[in-house]
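Taking it in order: structure first as structure tokens, then the write-up.
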There are 2 protein chains.
Amino acid sequence: MSGRAARTRERILATSLALFNDLGEPRVTTNQIADETDISPGNLYYHFHNKDDIVHCLFERFESRIQEILVTPQSRAADMEDMWLYLHLIFEVIWEYRFLYRDLPHLLGRDRKLQQRFRRIIDRKVATAAAILEGLVSSGVMAASPEEIQAVAENIALLATQWLTFQQLRHRAAPLDQQLGRGVYQVISLVVPYLRGEARTLLDRLSRVYLV
Amino acid sequence: MSGRAARTRERILATSLALFNDLGEPRVTTNQIADETDISPGNLYYHFHNKDDIVHCLFERFESRIQEILVTPQSRAADMEDMWLYLHLIFEVIWEYRFLYRDLPHLLGRDRKLQQRFRRIIDRKVATAAAILEGLVSSGVMAASPEEIQAVAENIALLATQWLTFQQLRHRAAPLDQQLGRGVYQVISLVVPYLRGEARTLLDRLSRVYLV
DNA sequence: GTCTATATAGGGATAGAC
DNA sequence: GTCTATCCCTATATAGAC
């Protein structure tokens, strides 16, 4: 594959991602993608076997991006800073590939492999959230039983997975950073009641930033 | 419309609901519906203007069912019993019409009216949750600031809206009552940390029932 | 690599007989 | 009310020239 071919391939992926995010994958046709990329429909099929191939390719990029984040190099106990960073990174990647979350059942319904891989990502989300919470407990910032940690970790994963979809249902046209900020705030609000005195007010101040 | 026509119409709606819930609305064709109802494709279009008409009709039933639940006849302050009942009723209706939640963006994306009406339902969910939480505070069972109540109410609404979708992503084949039970448990776990001493253990016992 | 032209299939919806 | 037959459109995907 020459440099030119690689560049065309890249442009197809870029416009596909943009259109998918904007309209939802089911409503975007291959002709539309070709048109927007300024190539012919036939040329598109030279670079990709079919539409699912494009989706698959985009998913793989998403997957490697998010796995980078979910690899927690926990050499020390986590603090609230880790939590904050973790949430921001997660939300940013989800935003970048939001079409995957928008029509999740539809996309995964036609590909078992994809389903498995996505499931593994969610499992990791829960595990990472739990690890951070345990870190908070062991460093004394937070007080919670193992069952409580598990329940909160699952809720964090669910919120981080479904927040954008839910939010866009409620307030379609809100600006990006506000939506992501609200998401982080909502997730943090899950943790707040388990924090101890001083840390609780610290977080309280931090989270207020997002409610502008 | 004679009794016979009404009965056919009803059968179409019943099989549509079953197929939609099972496979997702986008993957069910009108021919499939007709076939499963043991009528001809043409006959289906005698009873319904088009496919969206069927979806619309099912949505209206869902809407009236859920609005019945969300009309809180609050003549007194709420207690945990109200919360428990509220959650169970909500989850049951969502389960019955789960196809609406499965492909929500896709279904609402092609109908502004539907979008508005669904948005109103969610707003009501948040409001009802907030009202119950305020009831818990005013009866002394719970301690929380207005901001905390608002944040928790939104999280309750999100969880009650997206739980099933999320859950079926993770564990496809779990039995119904277990899935709904876990959902109720997860929502209740949002409230637990705000409860006071005795109520907290009471709820703790109650919620453990769901983790079987 | 890229194009134009076209095959093919599936599903929504209608016509008209009974 | 219900059927059979069929139309039509859309979207995916391919063929073959350049």
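From a predicted model like this one, the values you see are computed outputs, not experimental measurements. Chain naming here is simple, since letters A, B, ... match the order of the sequence lines and numbering starts at 1 in each.
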Salt bridge (Lys or Arg N to Asp or Glu O under 4.0 Å) with A/R120: which residues, sequence neighbours excluded?
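Salt bridge (Lys or Arg N to Asp or Glu O under 4.0 Å) list for A/R120, sorted by chain: empty.
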Residues that A/R110 engages under salt bridge (Lys or Arg N to Asp or Glu O under 4.0 Å), provided they are two or more places apart
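Residues passing salt bridge (Lys or Arg N to Asp or Glu O under 4.0 Å) with A/R110: A/E25, A/D52.
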Residues in side chain to side chain contact (heavy atoms under 4.5 Å, CB included) with [X], at least two apart?
| X | result |
| --- | --- |
| B/E81 | B/D79, B/W84 |
| A/R170 | A/F166, B/I122, B/D123, B/V126, B/E154 |
| A/L85 | A/L89 |

Strand-adjacent residues in residues 102-113 of chain A, judged by heavy atoms under 4.0 Å from DNA chain D
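Going residue by residue through residues 102-113 of chain A, none turns out to have a heavy atom under 4.0 Å of DNA chain D.
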Sequence neighbours excluded, which residues qualify as ring pair (Phe, Tyr, Trp, His ring centres under 6.0 Å) partners of A/Y45?
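Residues passing ring pair (Phe, Tyr, Trp, His ring centres under 6.0 Å) with A/Y45: none at all.
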Under the salt bridge (charged side-chain N to carboxylate O under 4.0 Å, His left out) rule, what pairs show up with a residue in residues 84-105 of chain A, not counting sequence neighbours?
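For residues 84-105 of chain A: A/R65-A/E96.
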What does nucleotides 2-18 of chain C look like as a protein-contact string, B for base, S for sugar-phosphate only, - for none, at under 4.0 angstrom between heavy atoms?
BBB------SSBB----
